[in-house]
Amino acid sequence: MNITILHGQSHQGSTCRVARQLAERLGGTVTEFFLPRDFGQFCTGCTACFMAAEEKCPHYERLAPITRAIDGADVLTFASPVYVYHATGAMKALLGHYGYRWMVHRPSQGMFRKQAVCVSTAAGAGTRSANRDMADSAFFWGVGKIYRLGIGVAATSWDGVSEKKKAKIQKKIDALARRIRGRAGEVKPGLKTKAFFAVMRMIHKRGWNETDDRYWQEMGWLGKARPWK
Ligand SMILES: Cc1cc2nc3c(=O)[nH]c(=O)nc-3n(C[C@H](O)[C@H](O)[C@H](O)COP(=O)(O)O)c2cc1C
């Protein structure tokens, strides 16, 4: 199993521990990126990725190793500590660069058979909204199955997390790992994704932006082909 972890911070605290423990339980090859250490660019808003091609993004080359790891993963993990109720700015900055991959534009075929996990930890509250920040991208990229693991650690560092809490976290991780392993190789998107895809297909049939329409045409999705088949 190929696991790619996108860490929304550059340090190895509670969130990193949780994401790594999950990867360990899943077993396989793990590729990790720490943000902003490994990619810290902000989208310039040029819209070249939408209108022309993703290769026209001024950060395309720097992003390429992350894009390759995303595409090669069976399981994608988005892991971010909660900062003021949301995913970190570094995580948001990365996800902004993949707007062109949203279903309304040019989703990558491989996404529909992947699983993704959104992991966030907070001292108290905010994991729901932080996980939503990341799950939104996973859903609109077309990821077939998305899980959310939000943990209130009642601490600001892993050393401060109680042993009782750590044991509870481990149990949650074990249960989630079992679910993910059980689905490995058999992922198909649910009704919500398929319905959204159908609406996007209608939009592209009628005509949207030229680059996106051509992509849908080339993928055969305006005909009978579907990315999950
Ligand atoms: C800038 C900043 C903002 C934070 N905002 C929140 C918050 O909105 N809610 C919360 O419960 N904890 C908040 N925290 C605490 C962290 O989310 C929490 O300690 C988390 O477990 C840290 O994960 P890490 O060890 O991976 O960095 C914040 C911490 C920082 C540094």
Side-chain angles (χ1 to χ4, degrees), residues 1-43 62-63 65-67 69-70 73-98 114-141 143 146-180:
M1 189 181 284
N2 288 329
I3 302 156
T4 294
I5 309 178
L6 304 171
H7 295 280
Q9 78 297 328
S10 295
H11 61 269
Q12 297 174 17
S14 302
T15 321
C16 176
R17 296 291 183 109
V18 172
R20 280 184 170 169
Q21 281 176 21
L22 176 65
E24 200 179 289
R25 283 294 193 269
L26 288 172
T29 308
V30 182
T31 308
E32 298 178 285
F33 296 94
F34 288 85
L35 308 169
R37 190 192 74 187
D38 298 326
F39 185 82
Q41 273 65 35
F42 287 99
C43 172
R62 295 193 73 151
L63 197 59
I66 301 183
T67 308
I70 288 173
D74 302 301
V75 177
L76 282 171
T77 302
F78 302 87
S80 174
V82 172
Y83 284 1
V84 288
Y85 253 60
H86 289 277
T88 61
M91 176 62 81
K92 289 273 288 115
L94 174 78
L95 295 176
H97 285 82
Y98 292 113
K114 291 187 197 302
Q115 302 191 76
V117 189
C118 303
V119 175
S120 63
T121 74
T127 58
R128 188 189 287 256
S129 38
N131 277 342
R132 196 188 315 129
D133 291 336
M134 300 181 280
D136 277 350
S137 275
F139 174 77
F140 289 111
W141 288 2
V143 171
I146 303 162
Y147 310 86
R148 300 170 196 225
L149 181 58
I151 298 171
V153 289
T156 48
S157 71
W158 186 247
D159 287 343
V161 181
S162 71
E163 289 308 314
K164 195 173 160 201
K165 187 77 159 176
K166 283 180 181 168
K168 266 192 179 171
I169 294 170
Q170 192 59 62
K171 266 193 170 175
K172 278 190 181 178
I173 290 171
D174 291 347
L176 180 56
R178 278 195 296 275
R179 288 176 69 194
I180 295 171

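Note that ligands are numbered from 1 as they come in the structure, with each ligand's atoms numbered from 1 the same way.
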Colleague: Check whether any side-chain heavy atom of K114 lies under 4.5 Å from a side-chain heavy atom of W141, and answer yes or no.
Modeller: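 A side-chain contact is absent here, since even the closest heavy-atom pair is not under 4.5 Å.
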
Colleague: At a 4.0 angstrom heavy-atom cut-off, what protein residues surround ligand 1?
Modeller: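 For ligand 1, the residues that come within the 4.0 Å heavy-atom cutoff are H11, G13, S14, T15, P81, V82, Y83, V84, Y85, T121, A122, A123, G124, A125, V153, A155, T156.
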
Colleague: Less than 4.5 Å apart, any side-chain heavy atom of L94 and any of L63?
Modeller: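 Side-chain contact under 4.5 Å: yes.
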
Colleague: Can you find a pair of side-chain heavy atoms, one from L95 and one from D133, that are under 4.5 Å apart?
Modeller: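 Counting from C-beta outward, L95 and D133 never come under 4.5 Å.
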
Colleague: Taking side chain as C-beta onward, heavy atoms only, is T31 less than 4.5 Å from N2?
Modeller: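 Side chain of T31 against side chain of N2, heavy atoms only: no contact under 4.5 Å found.
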
Colleague: Measuring only between side-chain heavy atoms, which start at C-beta, is H7 closer than 4.5 Å to R37?
Modeller: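 Answer no - side chains too far apart.
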
Colleague: Using distance alone, with no hydrogens and no angle criterion, decide if T15 and T121 have a side-chain donor and acceptor under 3.5 Å apart.
Modeller: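 Their side chains do contain a donor-acceptor pair, which is all the 3.5 Å distance test asks for.
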
